[in-house]
Asker: 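Have a look at the structure that comes next, please.
Predicted model, so just to flag it, every value in this text is computed and none were measured. Sequence lines set the chain letters: A, B, ... in the order given, protein chains first and strands last, and positions in each chain run from 1.
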Protein chains: 2
Amino acid sequence: MTDTAPRPTLEAVAALAGVSRATVSRVVNGGDGVREPLVQRVRRAVDELGYVPNQAARSLVTKRHDAVAVVIAEPETRVFADPFFALQLRGISKELTAQDSQLVLLLTEGRDDHARVGRYLAGGHVDGALVFSLHLDDPLPGLIQGAGVPTVFGGRPGWSDGRGGVTYVDSDNRGGAREAVRHLIGLGRERVAHITGALDQTSAVDRLDGFRDVLPDADPRRVAEGDFTPAGGERAMRELLARCPDLDAVFAANDLTAAGALRVLREQGRRVPDDVAVIGFDDMLAVAEQTDPPLTTIRQDIEEAGRLMARLLLRRLNGCGGGGGEGMPTGVVLPTTLVRRSSA
Amino acid sequence: MTDTAPRPTLEAVAALAGVSRATVSRVVNGGDGVREPLVQRVRRAVDELGYVPNQAARSLVTKRHDAVAVVIAEPETRVFADPFFALQLRGISKELTAQDSQLVLLLTEGRDDHARVGRYLAGGHVDGALVFSLHLDDPLPGLIQGAGVPTVFGGRPGWSDGRGGVTYVDSDNRGGAREAVRHLIGLGRERVAHITGALDQTSAVDRLDGFRDVLPDADPRRVAEGDFTPAGGERAMRELLARCPDLDAVFAANDLTAAGALRVLREQGRRVPDDVAVIGFDDMLAVAEQTDPPLTTIRQDIEEAGRLMARLLLRRLNGCGGGGGEGMPTGVVLPTTLVRRSSA
DNA sequence: CTGAGATCGGAGAGCGCTCTCACGCCACTC
DNA sequence: GAGTGGCGTGAGAGCGCTCTCCGATCTCAG
């Protein structure tokens, strides 16, 4: 098979069907305003030739690309430890597919890549962008906003508080955290500790805030800083145990952290949940179901969040031209649910 | 900000720099054959205007897209349980980025999507494809081969045995399995059992073959079929324990399976590794490090595999036109390594 | 100082498509 | 039976870029 088999063009289809290019174009793009018999003839010609429109030529004139960039900043952190992004990607993919858009994946790693991504987005290769940027001080969101590309963020960007105009989809980290802590209190626990996530991420900050919402007067020594990893969880748990040997419950910022904490508790002879109740966050199945005991945790519907992000973006692209504001929600917060297993 | 800010074109840059379009084009594409002072002037104009080439226009004439599709079939299965694809994507992304190619992600879910993907690939929107298709009976690989798009497969496609011409990158599943079993034997174990993966996937078949390479005469009752999930691992482990209560070692087809097996063993009062040694496969960190005891397992360098896939594809795209054959490896098998923790 | 050879820069023709216009043809009205 | 809409169709002009000529310029030997 020579790879020089030239793809059929509109012209070729038109010739075969005995009509003009314009008519073929009309049929290919929906067929409005073309009489039925002609539509049939064109369709047949398209099939016969195996014609597929050349997207490049089309974009050149329409200035639409039917493609959306998904930018994931600093994959090293969380992406690869949990199915978080995979699930979200799946949701995004489903929604984009349903609307005939392509998904261009941009993984960035460090500062150099930011410029590259900024340039790419500014270059108008895609119609819009879905951006995951976990860190508060990440310059990427700013860059992207500057590029003038319609964007929806996954997770609340760190600087979104004051200003409006930023569209994002986030889980109800704060509400979920409140629910977790209240659950522990409902179990009769009186000395609840918290292991935070990496506090340069809004999700960690929000979860800490949720903890404080419920326990505003908690001894500050009952809060230890973690980093969303099992190792961080272990370290923080040791600290907590040293500082407050009498604690009877731990709310960990995520399941990985909880797994680390669980190990330290066992090692130090504390029974879970009898002596110390433990609750996680995320409902990362591969972890939460495997720990001993299985982890009670807060679940977020990640796939739905992804789907929603895509839907929001596409609505903006198709619907209102660029007016923005009007009718575009600024932030959408998805509910979380408590999943009871055995650890609390 | 109105979204109608027209992007600068080559023409505009040329005008500002006081040269012709052709010269700007040359500078933008490497600058060969243009005198230094002019190059400088053009560069300055490009910067000043923030010019970015219009990829659509470029593709239209060059017939290159600088984009590669990554097709992941049936994500529900494994993708979301482990960081397997995430890591591979990262490797792919790194390599593509380095060569200025974009990554177009195609997630498929069920048969309908196959047609869509086939059409997309045949449509010549991308220069090549990297395809992950786990299942032996998946029609997708055939479809894609038929589309005439240069393709590299991730994992050995089920039907690649006889025919040549299929390029793929795979881990040494069979060799890794042999190493795992030999390790158990080296520990003095004499009744080694195996829990397979989902046998409609080549990786599972290869691992089983590796087991049999070392233990060709093993009692067939010491092999139980799993499905790469913890639940499958539990079920298979119970079966094995019922059939062969005297087994002293288990080689599980992956870490998730091993985790399930571990749970059943503990539940039935077998000590690991004293009574029964357990070894997994994949070195899925979130699992292998968290189990009790931590899992001894076989590691594969997934990220490197991804990078290699991309490199192979790009080499084919850039290098030899379409001759294929010549110098193109058909299958590349990456080595695995044994990671010793406590379970064996 | 001239001419040959080498090199650099510019004009222009498309790539395959969409979309605006203008025209032709029909049904229908008076 | 001629006039008048209105719908369907085709012609043609680009979208922004690359790349092939070909003419202009520069260099250097004779």
Side-chain angles (χ1 to χ4, degrees), chain A residues 4-43 45-46 49-67 100 119-120 122-127, chain B residues 3-43 45-46 49-67 100 102 122-127:
Chain A
T4 34
R7 303 196 173 290
T9 68
L10 248 204
E11 190 86 48
V13 177
L16 182 60
V19 298
S20 73
R21 284 202 323 276
T23 300
V24 178
S25 176
R26 275 186 279 255
V27 171
V28 169
N29 293 291
D32 296 335
V34 179
R35 249 179 318 222
E36 199 46 32
L38 267 202
V39 172
Q40 295 300 334
R41 230 166 59 212
V42 172
R43 290 253 159 82
V46 165
L49 264 45
Y51 170 76
V52 183
N54 179 320
Q55 182 61 39
R58 182 179 276 175
S59 306
L60 189 55
V61 26
T62 60
K63 269 121 181 53
R64 280 208 108 224
H65 301 85
D66 295 317
D100 278 316
R119 222 177 312 120
Y120 182 76
H125 301 295
V126 291
D127 300 324
Chain B
D3 64 343
T4 34
R7 304 197 173 290
T9 70
L10 247 205
E11 190 86 48
V13 178
L16 182 60
V19 298
S20 75
R21 283 200 325 276
T23 301
V24 178
S25 177
R26 275 188 279 256
V27 171
V28 169
N29 292 293
D32 295 336
V34 179
R35 250 177 319 217
E36 197 47 32
L38 267 203
V39 172
Q40 293 302 333
R41 227 162 65 211
V42 171
R43 290 255 159 81
V46 166
L49 263 44
Y51 170 75
V52 182
N54 179 320
Q55 182 61 38
R58 181 180 280 175
S59 306
L60 189 54
V61 26
T62 59
K63 270 123 179 51
R64 282 207 107 227
H65 301 86
D66 295 317
D100 279 317
Q102 294 310 322
H125 301 295
V126 291
D127 300 324

Asker: Evaluate side chain to side chain contact (heavy atoms under 4.5 Å, CB included) for B/V126 paired with B/H65, printing each intermediate quantity in order.
Answerer: CA-CA 6 Å; B/V126 291; B/H65 301 86; 5.6 Å; no

Asker: Let me see the working for B/L10 and B/V24 under side chain to side chain contact (heavy atoms under 4.5 Å, CB included), right down to the final yes or no.
Answerer: CA-CA 7 Å; B/L10 247 205; B/V24 178; 3.0 Å; yes

Asker: Would you confirm whether A/R64, through its side chain, and A/R58, through its main-chain N or O, come within 3.5 Å as a donor-acceptor pair?
Answerer: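 No; judged by distance alone, with no hydrogens or angles, the pair does not exist.
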
Asker: If we only count heavy atoms from C-beta on, is the A/H125 to B/V52 side-chain gap below 4.5 Å?
Answerer: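 A/H125 reaches B/V52 side chain to side chain.
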
Asker: Walk along nucleotides 8-16 of chain D from 5' to 3' and tag each nucleotide B, S or - by protein heavy-atom contact under 4.0 Å, base first, then sugar-phosphate.
Answerer: SBBBBB-BB

Asker: Whole angstrom is fine here: how far is it from CZ in B/R64 over to C1' in D/dC19?
Answerer: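 Distance check: B/R64 CZ to D/dC19 C1' gives 16 Å.
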
Asker: Taking C-beta and beyond as the side chain, do B/R26 and B/L38 meet within less than 4.5 Å on heavy atoms?
Answerer: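 Counting from C-beta outward, B/R26 and B/L38 never come under 4.5 Å.
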
